[in-house]
2 protein chains.
Amino acid sequence: MVKSAPVCKSESIGEYVEDVISSLPPDERIIELSEFLEAFGDSSRIKILLALSKHELCTCDISAITGLSVSAVSHQLRVLRDKKIVKYRRDGRNVFYSLDDEHVAAILETAMKHIRERR
Amino acid sequence: MVKSAPVCKSESIGEYVEDVISSLPPDERIIELSEFLEAFGDSSRIKILLALSKHELCTCDISAITGLSVSAVSHQLRVLRDKKIVKYRRDGRNVFYSLDDEHVAAILETAMKHIRERR
DNA sequence: AACATACTTGAACAATTGTTCAAATATGGT
DNA sequence: ACCATATTTGAACAATTGTTCAAGTATGTT
């Protein structure tokens with residue numbers, strides 16, 4: 001049996017490679033995961049999320065707190081809404097946003113711990 | 001006292017806005033946070049990290065496991081190294097990678113829980 | 001109905017991203 | 001010294017991103 005692709009020796013030797021492959025979730029799930037975590041990869045959104053971790057806030061408040069334009073905030077809130085990272089409720093003219101669940105706060109918390117400890 | 005900027009009423013009413021502002025970390029810390037979490041926002045990197053959460057692996061093994069080219073893997077490993085998300089050690093011709101600490105695995109775990117529960 | 005406030009949206013734009021390909025570097029074996 | 005293997009790197013490219021600006025929708029007040 002001839003190997004067509006040029007692969008390294010350790011790959012042929014280590015049978016753990018097969019084990020790892022079969023332990024991976026399907027691509028679809030991996031894409032879902034990365035699209036969710038992608039939302040945390042921007043400083044404007046992190047600022048918004050940190051603010052929301054303290055208090056339920058309307059779009060305009062978030063703009064005042066973060067220093068971003070109302071439009072920029074709204075665009076980012078749409079991203080966060082679509083990815084089910086924040087939830088919202090309308091109250092009169094205002095729309096109030098809050099974190100979707102405890103996992104979102106947990107990720108921010110763990111990430112901050114990592115940053116703090118890696119110095 | 002006149003307000004120069006056009007801000008919404010709820011911002012003027014709610015004194016919590018000031019509280020939230022002062023609770024936010026400095027911008028520098030927020031950028032650090034987002035740059036760290038940015039690394040989780042790509043399906044190739046997530047695949048690599050999930051693989052590494054199972055086993056220490058060399059570049060070539062990661063390529064075989066993920067189906068990405070060796071070059072693409074190496075470029076992504078550089079990103080993950082720079083952000084202190086993976087660590088590495090050279091052994092002969094191979095360079096073996098592993099997750100930097102338990103926080104990295106924790107973030108992946110929490111994110112997977114979120115995905116699973118939000119359906 | 002007319003107006004002000006709160007928010008959302010779409011188009012446009014510069015800036016950044018991830019991959020490929022070719023070339024370079026590093027290590028070990030002969 | 002030479003060759004093969006393992007990995008890294010740089011340039012190039014299409015694709016995606018986040019912001020701004022202007023225009024839109026939604027709600028409450030008069």
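Naming convention: chains lettered A, B, ... in sequence-line order (proteins, then strands); numbering from 1 in each chain. The basis for the numbers below is simple: all heavy atoms, side chains too, and nothing from hydrogens, waters or symmetry mates.
Summarising the geometry of B:F96 relative to B:C58, their closest heavy-atom pair is CD2-N, 3.5 Å, with the distance given to 0.1 Å. In this structure, B:I30 and B:P25 approach most closely via the heavy-atom pair CD1-O, 3.6 Å. The shortest heavy-atom contact between B:V20 and A:K54 is CG2-CB, 4.2 Å. In plain terms, the two heavy atoms of A:F40 and A:I85 that are nearest each other are CE1-CD1, 4.0 Å.
In this entry the distance linking CG of A:L77 with P of C:dA6 reads 16 Å, nearest Å. When the C1' atom of D:dT8 is taken as reference, atom CD of B:Q76 falls 14 Å away, rounded to whole Å. To the nearest angstrom, C1' of D:dG18 lies 15 Å from NZ of A:K47. The nearest whole Å value for the distance from the CZ atom in A:F40 to the P atom in D:dG18 is 14 Å. The CG-C1' distance, from B:D91 to D:dA6, rounds to 12 Å in whole Å. Remark: P of C:dA6 and CD1 of A:I62 are 14 Å apart, rounded to the nearest angstrom. C:dT19 atom C1' lies 9 Å from atom CG of B:L68, rounded to whole Å. To the nearest angstrom, P of C:dC7 lies 11 Å from CG of A:L57.
Listed nucleotides D:dT7, C:dT19, C:dC7 differ in distance to B:S44; the shortest reach to its side chain belongs to C:dT19.
Side chains of A:R81 and A:Y97 form a contact here, defined as non-hydrogen atoms less than 4.5 Å apart.
A:Y97 has no side-chain polar atom (N or O) that falls below the 4.0 Å cut-off from OP1 or OP2 of C:dA6. Residue B:N94 has no polar side-chain atom (N or O) positioned under 4.0 Å from OP1 or OP2 of D:dT5. Contact check, A:R78 against C:dT9: a side-chain N or O comes under 4.0 Å of OP1 or OP2. Between A:T59 and the phosphate of C:dA6, there is no side-chain N or O to OP1/OP2 separation shorter than 4.0 Å. A sub-4.0 Å separation between OP1 or OP2 of C:dC7 and a side-chain N or O of A:S74 is absent.
The list of side-chain hydrogen bond (donor to acceptor under 3.5 Å, both in side chains) pairs with a residue in residues 104-117 of chain A, not counting sequence neighbours, reads A:H114-B:D101.
Within the 3.5 Å criterion, the main-chain N or O of A:E35 finds a donor-acceptor partner in the side chain of A:K83. Without hydrogens or angle criteria, B:R78 side chain to B:L80 main chain gives no donor-acceptor distance under 3.5 Å. Put simply, the side chain of A:S63 never gets that close to the backbone of A:T59: no donor and acceptor are under 3.5 Å apart. Proximity of a side-chain donor or acceptor of A:R89 to a complementary backbone N or O of A:S98 within less than 3.5 Å is not detected.
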For residues 43-53 of chain A, run the donor-acceptor check on the side chains, cut-off 3.5 Å, and write out each pair with its distance to 0.1 Å, sequence neighbours left out.
from	atom 1	to	atom 2	distance (Å)
A:R45	NE	A:A39	O	2.7
A:R45	NH1	A:Q76	OE1	2.9
A:R45	NH2	A:E38	O	3.4
A:K47	NZ	A:T66	O	3.3
A:K47	NZ	B:D27	OD1	3.1
A:S53	OG	A:L50	O	2.6

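Across all strands, A:V95 comes closer than 4.0 Å only to sugar-phosphate atoms, never to a base (heavy-atom distances).
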>> Protein within reach of the bases, or only the backbone? For nucleotides 12-17 of chain C, mark each nucleotide 5' to 3' as B, S or -, using heavy atoms under 4.0 Å.
In response: -----S
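With sequence neighbours excluded, the residues forming a ring pair (Phe, Tyr, Trp, His ring centres under 6.0 Å) with A:H55 are B:Y16, listed by chain and number.
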For nucleotides 21-26 of chain D, tabulate all protein N/O to nucleotide N/O atom pairs closer than 3.5 Å, reporting atom names and distance.
from	atom 1	to	atom 2	distance (Å)
D:dC21	N4	A:S71	OG	2.7

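An angle of 30°, rounded to 10°, separates the two end axes of the helix from C:dT8-D:dA23 to C:dT30-D:dA1, each defined over five pairs.
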